[in-house]
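Written below as structure tokens is the structure these notes are about.
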Amino acid sequence: MSTNDSTRSSDFIRDIVAEDQRTGNWDGRVHTRFPPEPNGYLHIGHAKSICLNFGIAEEHEGGLCNLRFDDTNPLKEEQEYIDAIKEDVRWLGFDWEDREYFASDYFDQLCAWAVQLIQAGKAYVCDLDADQIREYRGTLTKPGKDSPDRNRSVEENLVLFERMRAGECPDGSRTLRAKIDMAHPNLNMRDPVMYRILHAAHPRTGNKWCIYPTYDFTHGQSDSIERITHSICTLEFENHRPLYDWYLDALEVYHSRQIEFARLNLTYTVMSKRKLLTLVREGYVSGWDDPRMPTICGLRRRGYTPEAIRSFCERIGVAKFNSTIDIALLEHSLREDLNQRAPRVMAVLRPLKVVIDNYPKGQEEELDAVNNPEDPGMGTRKVPFSRVLYIEQDDFREDPPKKYYRLAPGREVRLRYAYFIKCVEAVKDETTGEVVELHCTYDPETRGGGAPDGRKVKATLHWVSAAHALQAEVRLYDHLFAKEYPEAVDEGSDFRANLNPNSLHTLTSCRVEPSLAGAPAESRYQFERQGYFCVDSAGSSDAKLVFNRTVSLRDTWAKIEKTQNSGQ
RNA sequence: UGGGGAAUAGUGUAACGGCAGCACGAGUGACUCUGGAUCACUUAGUCUAGGUUCAAAUCCUAGUUCCCCAGCCA
């Protein structure tokens with residue numbers, strides 16, 4: 001009776017799969033694969049593909065999704081990346097069970113298929129070097145011309161290819177090419193290279209091979225071997241589909257269907273592995289897992305949850321239009337998730353000392369605070385209160401502007417879960433004029449935060465007890481790039497010019513409530529009224545707590561203040 | 001100038017010849033011991049020009065704009 005099935009998010013790829021299921025194509029099977037190249041870390045764009053491929057498999061009875069490393073280029077690929085990719089896919093919550101494959105597992109089969117194409121007169125060894133091949137290829141508007149080696153005999157090709165394989169030819173001296181059509185309007189069909197000579201050790205096959213198949217000669221056949229039904233990839237491979245189909249047809253093997261969708265772009269960041277590598281290599285960030293990076297490990301260290309990333313991937317949809325998603329949507333998905341599950345805690349980032357003049361010296365007490373108003377099941381905790389406290393510098397103004405509800409001379413506010421306090425004096429540094437300490441009085445009747453006489457205060461502030469608070473470092477992050485579209489640059493400049501110089505602020509004298517002692521790495525909290533924070537997985541220890549700001553809370557006051565200022 | 005794709009509110013994304021809907025953003029208000037959360041309301045769209053049709057985002061024709069392709073990268 002429910003409409004859940006019909007309102008379930010759909011897209012043109014899911015429609016194709018559903019139609020295939022309806023008509024009984026693929027014997028009713030659904031089998032996808034996620035095929036990363038282990039030449040870098042996974043990013044949020046890969047998460048879109050992971051959610052798509054694993055998601056579609058999960059949605060169908062008996063559906064499967066393989067993890068397959070597309071490791072055909074030993075020059076760029078490393079074991080470190082293989083390990084990191086597996087960790088990230090797992091962390092996102094997907095399970096490939098025992099279906100962990102490598103294109104390099106198929107090198108023997110691929111080589112045999114190459115021989116088969118030679119024997120069928122559909123492939124030849126070409127002695128042209130890279131520059132010559134480019135020359136012979138022609139241009140977008142002009143047809144190419146045939147390689148002088150195009151009509152070698154099958155026997156000669158067989159011998160030459162064997163010599164390539166045996167290591168008798170230097171790198172780049174020859175290639176194995178498919179014999180298709182040098183005048184084809186699609187450049188990918190102008191006798192594409194199937195095998196190149198690369199005397200390089202491969203992370204998995206070591207020195208077994210000195211010839212390596214190209215992507216085009218590998219991918220479709222890998223899909224075929226794994227009996228993939230829907231081979232989902234990004235738009236730039238659309239031009240390769242005719243070749244994908246050509247190889248599978250020429251080989252007369254199981255033929256998966258390639259479907260292309262638009263890759264993910266996000267505002268205020270870059271998504272290409274090459275550019276991310278540049279940021280890492282040139283030290284603009286601390287590493288692939290820098291919390292400002294759009295990598296999965298960076299997002300994890302920043303405090304993102306897999307659930308938030310997955311719900312984001314669901315709501316952005318899948319289409320063929322090249323779009324750029326507003327990063328606010330990612331942040332929305334995050335806040336939505338964290339709001340439900342992050343325990344609340346009080347932390348003062350920029351401390352301002354407050355002395356409660358009429359609170360007895362030496363007295364302290366414990367007050368009840370709720371851990372998560374969204375989830376009463378998370379219970380309550382005790383927070384210590386005493387005569388000397390810290391509040392946020394921002395929560396006091398000597399000269400409060402319009403609509404500023406917080407503390408000011410003579411004003412009364414509530415300390416969350418504690419008491420109403422009234423400011424009686426602001427002590428200033430004589431030389432700088434800066435407010436360094438507040439003197440307040442409290443109303444003992446308001447213990448716990450309620451006023452028996454029903455009087456109201458406009459603001460509730462977070463605070464910590466000076467004597468009980470823990471020292472902490474907090475890193476505030478902003479967008480990595482200052483421009484919404486960092487890749488849009490003037491001639492002669494590049495995306496690095498758009499880096500945001502203020503993407504990281506480190507605050508070293510923060511005070512957090514004592515319940516945070518021993519908080520484990522990656523644990524997430526809401527610092528009340530400020531945002532979501534998580535314990536840094538690299539820099540934090542019991543001796544020195546370090547928190548990363550995951551995302552701030554929506555800040556209505558900041559918005560008001562901003563319009564007030566711009567209105568002047 | 002060859003080939004392959006794509007255009008729907010600010011940003012994304014639905015509609016499959018039959019009332020252009022949803023989300024985010026933005027704005028307004030309510031509520032609140034987080035200026036949080038939540039709730040309500042508002043805002044704003046079919047690339048252009050023709051045509052077919054009772055009816056077009058959808059079909060046809062012509063055009064415009066954007067993306068991809070000239071790696072022995074993937």
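The figures that follow rest on heavy atoms only: side chains count, while hydrogens, waters and symmetry mates do not. The sequence lines fix the lettering, A, B, ..., with proteins before strands; numbering per chain opens at 1.
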Under 4.0 Å between a side-chain N or O of [X] and OP1 or OP2 of [N]?
| X | N | value |
| --- | --- | --- |
| A:Lys458 | B:U32 | no |
| A:Lys456 | B:U32 | no |
| A:His462 | B:U34 | no |
| A:Thr460 | B:U32 | no |
| A:Arg529 | B:G35 | yes |
| A:Arg137 | B:C72 | yes |
| A:Arg134 | B:G71 | yes |
| A:Ser323 | B:U11 | no |
| A:Thr214 | B:G71 | no |
| A:Arg196 | B:C73 | yes |

Interatomic spacing from OG in A:Ser104 to CH2 in A:Trp209 - rounded to 0.5 Å
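Rounded to the nearest 0.5 Å, the OG-CH2 separation comes out at 11.0 Å.
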Interatomic distance at P, B:G17 relative to B:U58, whole Å
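Nearest-Å result for B:G17 against B:U58 at atom P: 12 Å.
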Taking the same atom, C1', in B:G27 and in B:U46, what whole-Å distance lies between them?
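Looking at atom C1' only, B:G27 and B:U46 are 25 Å apart.
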Which nucleotide in B:C72, B:C68, B:G3 has an atom nearest any side-chain atom of A:Asp129:
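Of B:C72, B:C68, B:G3, B:C72 is nearest to the side chain of A:Asp129.
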Return the nearest nucleotide to the side chain of A:Asn73; candidates are B:G35, B:A37, B:C73.
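Per side-chain heavy atoms of A:Asn73, the pick is B:C73.
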Can you confirm if the NZ or CZ of A:Arg152 lies within 45° of the ring axis of A:Tyr124 and under 6.0 Å from the centre of its six-membered ring?
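Not flagged: A:Arg152 not positioned over aromatic ring of A:Tyr124.
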Are [X] and [Y] linked by a side-chain donor-acceptor pair shorter than 3.5 Å?
| X | Y | answer |
| --- | --- | --- |
| A:Gln221 | A:Tyr244 | no |
| A:Arg33 | A:His219 | yes |
| A:Arg414 | A:Thr446 | no |
| A:Asp15 | A:Ser10 | yes |
| A:Asn372 | A:Glu374 | no |

Scan [X] against the nucleic acid and name what it touches under 4.0 Å (heavy atoms): base, sugar-phosphate only, or nothing.
| X | answer |
| --- | --- |
| A:Arg241 | nothing |
| A:Leu329 | sugar-phosphate |
| A:Ala319 | sugar-phosphate |
| A:Tyr195 | nothing |
| A:Leu461 | nothing |
| A:Glu238 | sugar-phosphate |
| A:Tyr417 | base |
| A:Thr324 | sugar-phosphate |
| A:Gln526 | base |
| A:Asp216 | nothing |
| A:Gly450 | base |

If you assign each of A:Phe527 and A:Glu37 to its closest nucleotide in RNA chain B, which residue comes earlier from the 5' end?
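Checking each residue's closest nucleotide, the 5'-ward one belongs to A:Phe527.
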Of A:Asp127 and A:Glu528, whose closest RNA chain B nucleotide lies nearer the 5' terminus?
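Checking each residue's closest nucleotide, the 5'-ward one belongs to A:Glu528.
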Are A:Phe321 and the base of B:A7 stacked, counting only ring centres nearer than 5.5 Å and planes tilted under 30°?
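Ring-base stacking flag not set for A:Phe321 and B:A7.
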Donor-acceptor pair under 3.5 Å, [X] side chain vs [N] base:
| X | N | value |
| --- | --- | --- |
| A:Asn239 | B:G3 | yes |
| A:Arg315 | B:U13 | no |
| A:Glu374 | B:G36 | yes |

How would you label the glycosidic angle of B:G50: syn (within 90° of 0) or anti?
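Chi for B:G50 falls in the anti range.
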In whole Å, what is the span from the CE atom of A:Met189 to the C1' atom of B:G4?
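Taking atom C1' of B:G4 as the reference, CE of A:Met189 is at 12 Å.
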